[in-house]
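Let me begin by presenting the structure, written as structure tokens, before commenting on it.
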Number of protein chains: 2
Amino acid sequence: MNSNYDLAWLRYDKVSADGAGREQSLALQQLQGYLSNIVMADGVSSQVFRTAIQELTKGIGSLTGEQPSLSHTVEADRFLAVGTLEDTGNLGHLPLLNDSLEAAEAARLGEEGYVIREVAREGKDYIVIAGRTEKGLLYGVFHFLRLLQTGQASEALDLVEAPKYQLRMVNQWDNMDGSIERGYAGQSVFYQDNKIVSDLTRVRQYARMLASVGINGIAINNVNVHEVETKLITPELLPDVARVADVFRDYGIRLYLSVNFAAPLELGGTSTADPLEPVVQEWWKERAADIYRYIADFGGFLVKADSENRPGPFTYGRDHADGANMLAEALEPYGGLVLWRCFVYDCHQDWRDRKTDRARAAYDHFKPLDGRFKDNVILQIKNGPMDFQVREPVSPLFGAMKQTNQMLEFQITQEYTGQQRHVCYLIPQWKEVLEFDTLCQGEGSKVKDIVAGQVHPYKYSGITAVSSIGDDYNWTGHYLAQSNLYGYGRLLWNPELSAEEIAEEWTNMTFGDDQAVVNTILDILMESWPTYENYTSPLGVGWMVVPHYHYGPDVDGYEYSKWGTYHFADRDGIGVDRTQATGTGYSAQYVGANAALYDSLETCPDELLLFFHHVPYTHVLKSGKTVIQHIYDTHFAGVEQVEQWIVRWDALEKDKLDQQRYTHVKERLLEQLESAKHWRDVINTYFYRKSGIQDQHNRVIY
Amino acid sequence: MNSNYDLAWLRYDKVSADGAGREQSLALQQLQGYLSNIVMADGVSSQVFRTAIQELTKGIGSLTGEQPSLSHTVEADRFLAVGTLEDTGNLGHLPLLNDSLEAAEAARLGEEGYVIREVAREGKDYIVIAGRTEKGLLYGVFHFLRLLQTGQASEALDLVEAPKYQLRMVNQWDNMDGSIERGYAGQSVFYQDNKIVSDLTRVRQYARMLASVGINGIAINNVNVHEVETKLITPELLPDVARVADVFRDYGIRLYLSVNFAAPLELGGTSTADPLEPVVQEWWKERAADIYRYIADFGGFLVKADSENRPGPFTYGRDHADGANMLAEALEPYGGLVLWRCFVYDCHQDWRDRKTDRARAAYDHFKPLDGRFKDNVILQIKNGPMDFQVREPVSPLFGAMKQTNQMLEFQITQEYTGQQRHVCYLIPQWKEVLEFDTLCQGEGSKVKDIVAGQVHPYKYSGITAVSSIGDDYNWTGHYLAQSNLYGYGRLLWNPELSAEEIAEEWTNMTFGDDQAVVNTILDILMESWPTYENYTSPLGVGWMVVPHYHYGPDVDGYEYSKWGTYHFADRDGIGVDRTQATGTGYSAQYVGANAALYDSLETCPDELLLFFHHVPYTHVLKSGKTVIQHIYDTHFAGVEQVEQWIVRWDALEKDKLDQQRYTHVKERLLEQLESAKHWRDVINTYFYRKSGIQDQHNRVIY
């Protein structure tokens with residue numbers, strides 16, 4: 001494992017006094033008086049509290065070049081007052097913290113919120129950073145440092161923040177052999193040679209990065225649980241798992257494990273994994289007891305069952321509720337959760353059979369089970385009905401189950417969106433998902449509120465995502481792909497943030513505030529998702545990638561396969577008929593007006609047209625173009641966009657950026673350009689050969 | 001590694017006296033008197049001689065149930081007289097051996113030929129089995145045993161045999177981690193965990209099998225020489241290589257190694273692998289000296305250089321002659337050979353570029369170098385210009401170099417022909433290659449004679465092939481695929497044997513002589529290559545397989561890739577224009593009438609039409625069918641043929657065949673049927689979607 005690493009958005013580069021055009025400088029000067037002295041509660045022993053203080057002193061020290069003093073008493077006139085809302089008694093005569101917050105505000109903070117506020121009282125002028133709990137404080141500290149870093153901090157600070165989502169998780173698809181399923185940034189930072197690594201430095205740094213954007217849960221092994229990983233829940237490996245849990249606990253992050261549903265069978269204890277067999281139930285209860293002996297705050301199990309050849313309850317004629325409840329019962333005494341994935345479909349479909357529709361599968365499997373799940377089970381639902389394509393509709397399962405906890409699964413790792421060799425800033429895509437109004441309880445039943453438990457009163461809910469990091473120096477393969485990890489956390493804290501705001505925060509923290517640099521990066525990020533869509537699979541039809549690898553074009557790669565992912569292109573037209581009258585009826589899984597919207601060729605949005613309809617190449621889109629001309633135009637445009645990025649990158653003054661990152665991004669952009677050209681030419685040639693229709697502009701098609 | 005194995009065609013099942021319908025019985029009865037006594041020379045110490053005697057006694061013992069007696073003196077009236085032509089002096093008063101052969105015959109035997117002849121002399125009646133050398137004797141013994149096994153032996157035997165080819169080799173594509181590149185029969189029998197296996201039992205059995213069909217050389221590691229394998233030529237691994245060489249030597253087989261052209265660089269001795277650098281030349285000379293210290297009869301090096309990203313002389317601005325000659329010089333003092341592969345082409349081709357033609361590559365690279373190679377270099381040329389497709393023209397390089405030794409490379413492992421999950425008996429294909437008349441020295445310049453050094457006077461020549469065996473119990477994955485390994489050896493001994501004769505020999509030796517069983521297997525074998533061609537890639541265009549795996553259909557799998565393997569199908573037509581007037585000019589690499597034959601749409605044989613011409617789907621073939629109807633018809637027919645095999649297999653009386661092999665073949669046939677249907681439906685659907693032309697018989701196309 002590579003032990004060197006980049007500091008990502010936690011660089012805290014020292015801000016020079018002469019500013020050099022940096023806004024931070026001014027902000028820092030204004031706050032200089034406060035930053036030298038930190039006053040905090042005495043006798044606090046919580047590790048998370050210590051982490052918060054460490055981060056604050058380290059951050060300020062790094063940004064200003066001066067270490068702040070730490071004290072338990074108020075002496076200076078200006079200072080930072082740092083603590084939790086229970087700390088008052090220890091801070092001498094000033095009711096520093098509790099008094100800084102109204103009761104109603106305090107309630108709003110919940111477990112994880114915080115206040116950052118300037119207070120002038122009894123001749124003292126100070127900035128309060130306080131959470132009700134030490135986790136809230138930690139998040140407040142990272143927020144305060146971000147303000148300093150991005151030059152947004154000034155006197156008259158007054159912020160009260162709490163996260164929208166209860167569970168804000170990442171899933172590592174890391175295997176213990178050190179490989180990462182769908183990983184594009186090197187080997188695992190967690191595992192090597194079928195062991196948990198002994199040096200957890202990079203794991204700790206990752207925990208820091210996650211905590212800095214508010215992540216509070218992590219499942220540390222691949223949902224496809226192979227032989228060695230099956231043993232992670234046993235006393236053989238739990239001491240090592242506990243070491244990892246300790247690291248994440250320091251940063252307020254709970255550890256989860258992916259489990260193998262057939263574990264009782266495979267680890268030799270039982271002759272079955274039937275969830276209704278007492279011996280199996282007992283086996284899992286014993287494992288839960290083992291786990292909590294080692295990790296008292298263990299989060300729970302993440303489960304991929306009866307999915308893509310993984311074992312599950314179907315083997316025994318049981319259903320998903322039987323399976324999930326059995327695990328939930330084992331975890332219940334300890335407050336553990338079962339995160340049960342809904343990515344269940346027939347992966348041995350016959351391509352000749354046009355009636356079976358993979359898009360229908362999650363809804364068809366799970367909707368009828370509503371009400372059957374225990375309340376410490378959460379269904380984990382991918383954002384779309386297929387599999388993290390560049391464009392899909394939102395899964396109709398969201399909100400369709402009133403009595404079953406739901407959480408949303410995104411994919412930060414860019415499996416189908418350029419594998420961190422292409423820039424593809426995904427926050428705009430995720431925001432579209434979150435803003436989708438399911439209509440499940442009438443208008444205003446948005447996905448963002450459903451998975452916050454605010455549409456149906458779910459006991460547990462939240463958002464999770466497949467992580468993108470590995471042991472590459474820069475964590476994410478493509479440096480700019482750090483923005484997706486950063487943005488993911490920020491979006492989960494506050495989904496009202498715009499994609500632009502998030503991108504700007506990240507760019508400022510990571511690259512400073514040179515306007516040319518920032519604007520160039522911002523524009524590239526904001527244009528990147530539509531650009532990637534332009535030169536890849538058109539109009540929502542998806543796939544067209546090289547099978548298994550999922551990088552690069554192969555239009556027919558999945559067309560005659562068992563995976564249920566087809567485009568049905570022939571010499572006349574293309575698209576999947578998912579309408580009620582003549583197709584698979586998938587459109588009817590949506591509620592009311594949404595069902596009608598997608599079902600009708602007249603109203604279906606262009607960008608999802610081929611997901612819902614099979615149309616001739618000559619069909620005219622709402623844009624006024626034919627489908628075939630749209631394909632040609634977008635594919636030429638996509639490549640031109642990448643070319644323009646390179647022109648802009650080349651135009652940057654090189655001393656505004658360190659050479660390493662400048663060169664790295666340039667290399668990736670050149671690679672993206674080559675790949676984009678390949679996509680353009682393959683897609684255009686494929687459809688030209690099939691349709692025989694000339695490009696209106698007579699551009700080169702091979 | 002699986003240590004259990006099948007005896008393949010060396011079963012020597014005991015023939016019961018009551019015959020049970022077996023022809024062998026009669027033959028054995030006739031010879032009974034001879035088989036009990038073996039008279040052989042005294043004081044012979046050669047291991048190959050001992051092997052021959054062991055095989056003879058073991059074979060006779062097994063077939064008859066009685067161990068023959070071995071003596072050095074003639075006592076009985078009937079006996080087998082066994083030896084080499086130099087043995088006379090030791091056989092008492094009877095000039096048993098030398099006198100049995102005319103001088104002219106003896107000359108014809110060469111190093112490896114033998115005589116099997118009944119002799120009546122001085123009141124004794126005996127059968128002579130003699131080679132001029134002990135290798136010839138070993139081959140004679142295997143021939144004699146085959147005659148017994150197949151019921152063809154009787155009194156009045158009179159055979160003089162010698163092999164057509166000097167080098168009769170196999171190449172193992174085995175890696176030291178135990179994997180086999182393009183292996184479809186389990187793991188390597190040579191390597192495990194990056195070591196040569198300690199138990200060489202299966203290697204010895206393999207040597208026996210090879211010797212029984214006359215193979216006399218083997219390269220024991222993959223032509224793609226990876227890191228560990230690079231060291232096979234160093235004293236670190238040579239002791240183990242020598243153990244393997246010992247085993248093969250016992251069976252008259254010389255050992256060769258595949259070498260990494262960059263070995264001097266990678267093993268740390270030099271800073272270059274430039275073949276003109278004295279330090280590099282010296283390095284290779286030292287390695288040769290090392291090798292011959294351990295293996296005095298080492299065969300030589302097999303080299304894949306400047307091919308598919310393997311290192312080679314191009315890196316240093318040198319050519320293939322420079323590279324090969326440097327290695328040849330190192331081996332020359334010891335009589336070693338360099339087998340230099342001609343599988344050299346641009347594997348980073350741009351699919352948009354229709355001018356570059358991979359088919360041209362070998363000829364274009366090597367033909368200009370004629371006369372530049374040392375005479376212990378042999379160019380190893382694949383049978384076709386592409387890569388072991390189900391149908392290709394013969395490589396135009398054969399015979400095109402008068403002053404350069406050439407050998408032919410076949411592929412026994414069924415990479416592109418069903419991967420030993422489908423039956424595909426390849427002898428008919430190979431015979432077509434051997435019988436191809438290149439016209440290079442006028443009519444009668446057949447490939448079979450070129451690679452025997454009988455057209456141009458090559459010092460070294462022969463045939464090699466990629467082996468098909470692994471540690472599967474039955475060696476070859478599909479039991480019936482043993483026939484290809486068997487037949488390969490037989491064909492190299494005598495290319496005048498018909499494919500049917502060879503199939504019948506193998507079937508009799510392997511399955512006995514029940515007529516229903518034999519006829520069923522023979523029919524399946526003889527129909528299998530055309531059947532496989534029927535349901536896969538049509539009319540010589542090739543490929544259309546899943547990339548990398550090369551199993552199953554993916555029509556466009558290689559269409560937009562860098563590998564130079566395209567079909568150019570659009571809505572109007574298909575095929576590669578390799579003509580001189582409008583195409584790549586590949587057809588001009590053939591001589592005279594052959595060039596004209598392929599170049600003209602009128603004369604080009606149907607089965608190669610799309611290899612040489614791009615034609616509309618409505619083009620009418622010599623068969624009278626259109627191209628599109630031919631595609632539909634052959635694909636339906638191919639599946640029906642497999643269905644008929646299954647009907648015939650089911651009709652066999654089960655007690656005529658052991659249950660294990662009966663069931664195994666049945667399972668593979670069912671798998672082949674499913675795969676054939678998949679091929680049929682994908683290919684038909686692909687071309688129907690593209691052409692829009694209905695099947696004349698309105699069969700189901702999806």
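Side chains are part of it too, since the values below use all heavy atoms of this structure and drop only hydrogens, waters and symmetry mates. Just so we're on the same page: letters track the sequence lines, and every chain starts at 1.
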> For the candidates B:His678, B:Arg354, B:Glu559, B:Arg571, which exhibits the highest count of non-hydrogen atom pairs separated by less than 4.5 Å from chain A?
Replying inline: B:Arg571
> Heavy-atom distance under 4.5 Å between the side chains of A:Asp577 and A:Thr579, does that happen here?
Replying inline: yes
> Checking B:Lys562 against chain A: side chain, backbone, both or neither under 4.5 Å from a heavy atom?
Replying inline: neither
> Would you say A:Tyr686 and B:Tyr560 make side-chain contact, with heavy atoms under 4.5 Å?
Replying inline: yes
> Is it true that atom CD of A:Glu227 has more than 12 heavy atoms of other residues, nucleotides or ligands lying nearer than 6.0 Å?
Replying inline: no
>> Please classify the contact between A:Tyr549 and chain B as side chain, backbone, both or neither, with a heavy-atom cut-off of under 4.5 Å.
In response: side chain
> Of the listed residues (A:Asp350, A:Asp572, A:Asp681, A:Val700), which shares the most heavy-atom pairs with chain B below a 4.5 Å separation?
Replying inline: A:Asp681
> Who wins among A:Gly552, A:Gly692, A:Ser691, A:Ser561 for the most heavy-atom pairs under 4.5 Å with chain B?
Replying inline: A:Ser691
>> With heavy-atom distances below 4.5 Å as the criterion, would you say the side chains of A:Tyr345 and A:Trp563 are in contact?
In response: yes
>> Are A:Lys195 and A:Val228 packed together at the side-chain level, in the sense that at least one heavy-atom pair is separated by less than 4.5 angstrom?
In response: no
